[in-house]
There are 2 protein chains.
Amino acid sequence: MADPSKPARSEDNGLAARRGKPTLRTIAEITGLAVTTVSRALAEAPQISAETRRRVREVAIEIGYSPDRAAQRLKTGRTNVIAVLLDPHEEILGYGTSIMSGISKALQGTSYHVIVMPNFLNTTNVEAVNYITRNSMADGVIFSRTEPLDPRVMVLSEIGFPFVTHGRTELSTPHAYVDYDNFTFAYQATRRLIAKGRRKPALISGPAGFTFTGHLQHGFMTAVREAGCAYEILSGIDLDSPAGNIRDRVRQRYTEADPPDSFMCGGEVCALATITGMSDCGLTLGNEYDIVAKQTSHLLGAIQPQVETIYEDLTATGEDMGRVLLQRIGGETDVSKLQLLLSPQIPANW
Amino acid sequence: MADPSKPARSEDNGLAARRGKPTLRTIAEITGLAVTTVSRALAEAPQISAETRRRVREVAIEIGYSPDRAAQRLKTGRTNVIAVLLDPHEEILGYGTSIMSGISKALQGTSYHVIVMPNFLNTTNVEAVNYITRNSMADGVIFSRTEPLDPRVMVLSEIGFPFVTHGRTELSTPHAYVDYDNFTFAYQATRRLIAKGRRKPALISGPAGFTFTGHLQHGFMTAVREAGCAYEILSGIDLDSPAGNIRDRVRQRYTEADPPDSFMCGGEVCALATITGMSDCGLTLGNEYDIVAKQTSHLLGAIQPQVETIYEDLTATGEDMGRVLLQRIGGETDVSKLQLLLSPQIPANW
DNA sequence: CGCAAGATTTAAAACGTTTTCATGATTCGA
DNA sequence: TCGAATCATGAAAACGTTTTAAATCTTGCG
């Protein structure tokens with residue numbers, strides 16, 4: 001109980017403390033229990049009698065108690081925070097939105113929060129993970145744009161810090177990931193172009209250095225080799241290129257000899273830019289040429305419904321990543337449970 | 001470095017503590033100073049001798065010390081965190097990206113971090129700010145989609161919690177904001193349509209309920225009234241509508257009597273959807289109709305350069321919001337320093 | 001009735017800071 | 001030379017929680 005023995009200074013011992021935010025002590029005073037007991041009761045420890053647990057819970061709700069995260073964090077070393085490394089490139093057309101939305105969904109109802117560490121300024125991406133681990137800013141990390149020998153993965157694996165990547169690596173140490181099967185996507189998309197009678201598909205691929213870029217190219221090449229047709233991987237541009245550059249490059253390509261007659265675009269903006277470049281040359285989609293693209297939002301369908309697409313559900317991806325990371329943090333070590341390869345949904349009428 | 005002196009149990013008194021993360025005590029032990037002094041020295045307190053400060057700083061860097069944010073937070077009550085409330089609507093075409101990028105820039109070099117509270121699931125937006133303030137998750141909040149009588153603003157003003165809005169309110173209590181002058185934007189954009197000889201501009205406006213929607217409409221109306229021409233505010237759709245809906249609505253409108261001959265679009269996706277709807281009807285931009293739009297990325301220019309635009313620099317907006325919030329947190333109460341109205345850059349050739 | 005074995009509860013230490021208050025050195029003016 | 005003022009440092013408490021170890025209260029059993 002409070003301590004009325006010192007009447008002199010402001011009696012900030014017992015009840016006066018009840019002015020500010022309610023704390024464990026507030027509940028302890030109200031119920032007449034010890035702080036320890038209250039803490040245990042709220043943690044649903046089995047050693048605390050059911051009756052006491054009930055009463056404590058009741059009072060906690062009554063006075064609107066919520067634990068001080070800073071104190072919990074200090075004591076336990078756990079932050080209850082998930083950090084998402086976001087790259088500026090990932091945002092155009094709401095990549096980030098979808099991913100974040102999915103992660104939020106997975107974390108709902110848990111005590112975890114998302115914190116976004118934008119790589120918007122600064123530094124290599126490995127510095128960001130170092131920063132997070134060194135300052136213990138989070139209990140786990142999520143990031144994408146994974147490279148075959150991704151330094152972030154190496155660092156985090158090394159120290160055993162929980163993480164999930166969007167995309168795979170080629171490292172021998174297995175780790176948690178969620179990936180979209182870009183090989184199958186590219187393979188099927190390219191086959192579709194060929195099935196429509198096109199004889200020289202062009203690939204607008206991912207930026208060099210990322211694992212998924214390799215998968216895209218592999219799928220594309222497999223399809224064209226199978227069909228034995230001509231092909232081209234458009235040089236000088238990639239999915240990260242500004243739309244204007246893609247447009248210019250496509251237009252320019254058509255002034256040269258032996259241009260492609262169809263395009264496999266890894267993204268929606270890329271598809272739009274390609275269409276624009278082509279119509280600059282007086283060519284119309286579905287007529288002189290075709291496009292198949294990956295679709296991650298609903299923009300393309302509304303603007304250019306003639307473009308055929310295969311959908312990648314990034315919100316689901318985010319949700320999977322959140323769920324997997326939670327498992328990993330929870331101590332799951334069985335990698336088979338921590339590795340997800342999502343299959344492209346091929347349209348039924350193909 | 002480690003300490004091989006105690007092979008038995010870990011005598012976690014002195015040096016053994018040096019195993020884990022370096023702390024103030026680690027530095028204190030190395031330098032022979034008291035923890036208090038080290039803390040003060042790192043805070044550059046003037047009462048600590050320059051020489052001591054130097055030495056402490058040196059050791060701190062040497063051993064890679066960085067303060068435990070949880071402990072600081074617990075002690076001081078300050079979180080060193082800025083919360084950004086993000087709405088899913090705000091993301092298409094990277095609204096969030098730009099804003100976040102700007103905020104990051106403003107916070108760079110400070111001890112502040114950004115945490116994104118997605119409203120992706122749940123609840124009214126006022127619950128999100130309640131959650132943040134109740135759990136003291138941040139020292140300040142940033143949000144947009146401001147309403148004339150925004151409940152978030154009322155709640156936060158009430159309790160004196162620092163915040164900055166993107167957009168103004170019509171509340172009598174002044175508060176920090178950064179806003180784009182949407183009245184002027186809409187006024188000039190509409191005048192431009194009229195100057196090009198159009199006689200019935202249509203406005204595709206913001207969603208009902210937001211302050212900026214009113215500003216857009218006011219600017220639009222002012223321009224058409226001045227010119228004494230016909231006008232229309234397209235019903236049934238707004239800037240939040242899916243692109244497909246906008247497209248459909250525009251096309252449908254053209255099957256009816258007395259259609260508009262030009263459009264004032266508050267966003268890029270909206271402009272693209274409008275163009276698509278119009279070409280569905282066989283009409284081409286710059287020929288049978290014109291569009292003026294607000295531009296916040298570089299997509300539109302690459303895809304449809306014929307659309308005339310006025311630019312809104314969202315990265316700069318984010319940076320301003322970050323800076324203003326920092327001032328507000330720092331105790332600035334002079335609202336004139338906390339309120340920014342950004343002027344649209346009207347193209348020189350208009 | 002007495003005591004061991006559970007069943008509950010509690011006291012106290014600890015996490016790493018910051019801060020209040022005090023203390024030991026210097027220096028200074030007279 | 002003696003306090004007084006200034007300067008530089010330290011000891012200890014506190015923030016709100018979790019956790020270790022111990023204390024207290026019930027029971028059940030002989």
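The sequence lines fix the lettering, A, B, ..., with proteins before strands; numbering per chain opens at 1.
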Self-check item: Between B/T79 and B/D139: side-chain donor-acceptor atoms closer than 3.5 Å
Solution: yes
With 3.5 Å as the limit, what N/O pairs link the protein to nucleotides 12-14 of chain C?
residue: C/dA12; atom: N6; partner: A/T36; partner atom: OG1; Å: 3.2
residue: C/dA14; atom: N3; partner: A/K75; partner atom: NZ; Å: 3.1

Practice problem: Please figure out whether B/P46 or B/T76 has its closest DNA chain D nucleotide nearer the 5' end. | Solution: B/P46
Quiz item: With sequence neighbours left out, what residues match B/S111 under side chain to side chain contact (heavy atoms under 4.5 Å, CB included)?
Solution: B/N80
Any side-chain N or O of [X] less than 4.0 Å from the OP1 or OP2 oxygen of [N]?
X	N	value
A/Q72	D/dT18	yes
B/T52	D/dA8	no
B/S49	D/dA8	no

Practice problem: Keeping to residues at least two apart or across chains, list the salt bridge (charged side-chain N to carboxylate O under 4.0 Å, His left out) pairs with something in residues 38-51 of chain A. | Solution: A/E44-A/R53, A/E44-A/R57, A/E51-A/R54
Self-check item: Neighbours of DNA chain D within residues 56-71 of chain A, by heavy-atom distance under 4.0 Å
Solution: A/Y65, A/P67, A/D68, A/A71
Quiz item: At what angle, to 10 degrees, do the two end axes of the helix from C/dC1-D/dG30 to C/dA30-D/dT1 meet, given five pairs define each axis?
Solution: 60°
Quiz item: Less than 3.5 Å between a donor and an acceptor, one on the side chain of A/R40 and one on the base of C/dT10, is that the case here?
Solution: yes
Quiz item: Got a sec, which residues hit ring pair (Phe, Tyr, Trp, His ring centres under 6.0 Å) with B/Y112, two or more places apart in sequence or on another chain?
Solution: none
Quiz item: Contact class for A/T37 (heavy atom, under 4.0 Å): base, sugar-phosphate, or nothing?
Solution: base
Quiz item: Atom CZ of A/R25 to atom C1' of D/dA13: distance rounded to whole Å?
Solution: 13 Å
Self-check item: Minimum side-chain heavy-atom gap B/I103-B/I142 below 4.5 Å
Solution: yes
Quiz item: Just by modelled atom types, is the B/T133 backbone N or O under 3.5 Å from a matching donor or acceptor in the B/S136 side chain?
Solution: no
